[in-house]
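Take a look at the structure below.
Count residues from 1 along the sequence.
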Amino acid sequence: MIDSTEHSSAAVLRQEQALLEFSNAILQRISIAVPLPEVLDFIARGIEDIEAEMRCSVLLLDPSGKHLLHGAAPSLPDEYNAAVNGFAIGPAAASCGTVAYRGEAIFVADIASDPLWANVKEVALKHGLAACWSSPILSSQGKVLGTFAVYWMTPRQEVSCATRRYVETATRLAGIAIESAQREAVLHGQVEELRRWQQLTLGREGRVLSLKREVNGLLARLGEPARYDSVNDSGDTS
């Protein structure tokens, strides 16, 4: 007869191995610069695989720091995603809006009766969303980047330990993915600015060179020596 403790230990090991594989798969996508929406979608689906009833959502804080924008929500209705896209954060702005405002996780056991949802609960209840656990996605400096939310279709009083482990890990990795994408966007912008500057500089140099040739040509027609000896026939400057 196998001791129940051995069963428990084996289950924990399998869970830890699965979590490690999930984390590595996310990091691998980040390392090869997979587009952010695809990474966030992969994270959300990975969490949803833990429990059939769960629905995940990732919202991103906009540059103004005042509104949340759609990041990923593969199993939530399009109508609901559209309704929360651009949602203003605040001290009592449902789950995610409040989390982004406070910078701390919030568990709502029953959306229908929780005061945080008082003004907007209809949109969630309409789509069968009954409970929500939302956590802030933080940067390496502790700045709020967005929110990671898990919804359930029935009210509940707690979140399982396994779900907590997965979601906490996924939230940290979502922060890494968002920061990586932001750095990539900044770098891309700098490269584009450099290209524009180079094109402008080369264009200006070309116009100056052309003007010098015109002046030399005019002087030649007047029988006078060239003013710009550095301009040769091949178009190069010495």
Practice task
Search all heavy atoms of V108 against all heavy atoms of S95 and return the closest pair with its distance.
Solution key: CG2-OG, 3.5 Å
Problem - Any donor-acceptor pair under 3.5 Å from E48 side chain to C56 backbone - result: yes
Handout entry: Over 12 foreign heavy atoms within 6.0 Å of CG, D78
Key = no
Fill in the blank from the handout: Output for pair (C96 SG, L116 CG), nearest 0.5 Å, gives 11.0 Å
Handout entry: For E21, side-chain hydrogen bond (donor to acceptor under 3.5 Å, both in side chains) partners two or more places apart
Key = Q17
Problem - Salt-bridge criterion met for R45 and D49 (N-O under 4.0 Å) - result: no
Handout entry: Pairs touching residues 115-127 that satisfy salt bridge (charged side-chain N to carboxylate O under 4.0 Å, His left out), sequence neighbours left out
Key = E79-K126
Problem - Backbone of A177 reached by a side-chain donor or acceptor of S180 within 3.5 Å - result: no
Exercise for the section: Check F42 against A25 and note the closest heavy-atom contact, atom names and distance. Expected result: CZ-CB, 3.7 Å
Handout entry: Non-hydrogen side-chain atoms of W152 and M54 separated by less than 4.5 Å
Key = yes
Problem - Euclidean distance, L138 CG relative to T147 OG1, rounded to 0.5 Å - result: 11.0 Å
Problem - Hydrophobic cluster identity match, L19 and V150, side-chain contacts under 4.5 Å - result: yes
Problem - Whether F22 and Y166 hold their rings parallel, tilted or perpendicular, with breakpoints at 30° and 60° - result: tilted
Practice task
Locate the shortest heavy-atom distance separating V120 from A94; write the atom from each residue and the value.
Solution key: CG2-CB, 3.7 Å
Problem - Closest non-hydrogen atom pair between T169 and S23, with its separation - result: CG2-OG, 3.2 Å
Fill in the blank from the handout: One should read off an interatomic distance between L40 CG and L173 CG, to the nearest 0.5 angstrom, of 11.0 Å
Problem - Sidechain-backbone polar pair: T98 side chain, A93 backbone, donor-acceptor under 3.5 Å - result: yes
Practice task
Could you state whether I47 and L60 fall into the same hydrophobic cluster, counting links through intermediate Ile, Leu, Val, Met, Phe, Trp or Tyr residues with side-chain heavy atoms under 4.5 angstrom apart?
Solution key: yes
Exercise for the section: Give the minimum heavy-atom separation between T171 and P136, together with the two atoms involved. Expected result: CG2-O, 3.3 Å
Problem - Over all atoms of both residues, closest heavy-atom pair of V144 and G103 - result: CG2-CA, 4.0 Å
Problem - Cluster link L76 to V58, ILVMFWY, side chain under 4.5 Å - result: no
Problem - Enclosure of R165 CZ (heavy-atom neighbours >12, cutoff 6.0 Å) - result: no
Problem - For D110, all residues meeting side chain to side chain contact (heavy atoms under 4.5 Å, CB included), sequence neighbours excluded - result: A112, S113, P155
Exercise for the section: Only pairs at least two apart or in different chains count here, so list each side-chain hydrogen bond (donor to acceptor under 3.5 Å, both in side chains) that has a residue in residues 131-146. Expected result: S140-E179
Practice task
Establish whether L145 and L27 are linked, either directly or via other cluster members, by ILVMFWY side-chain heavy-atom contacts under 4.5 Å.
Solution key: yes
Fill in the blank from the handout: Residue pairs meeting salt bridge (charged side-chain N to carboxylate O under 4.0 Å, His left out), one or both in residues 25-36, sequence neighbours left out, come to none
Exercise for the section: Please say whether more than 12 non-hydrogen atoms of neighbouring residues, nucleotides or ligands are located less than 6.0 Å from OH in Y101. Expected result: no
Fill in the blank from the handout: salt bridge (charged side-chain N to carboxylate O under 4.0 Å, His left out) pairs touching residues 51-76, sequence neighbours excluded, are E51-R156, E53-R156
Problem - Beyond-backbone contact of L68 with L61, side-chain heavy atoms, under 4.5 angstrom - result: yes
Problem - Straight-line distance of I106 CD1 to E104 CD, nearest 0.5 Å - result: 6.0 Å
Exercise for the section: For the residue pair V39 and I30, establish whether any side-chain heavy-atom pair is separated by less than 4.5 Å. Expected result: yes
Handout entry: Spacing of SG belonging to C132 relative to CG belonging to D114, to within rounding of 0.5 Å
Key = 10.0 Å
Practice task
Drop me the distance from I176's CD1 to S31's OG, to the nearest 0.5 angstrom.
Solution key: 11.5 Å
Problem - V159 vs V167 side-chain heavy atoms within contact, under 4.5 Å - result: no
Handout entry: W117 with L59, same ILVMFWY side-chain cluster at under 4.5 Å
Key = yes
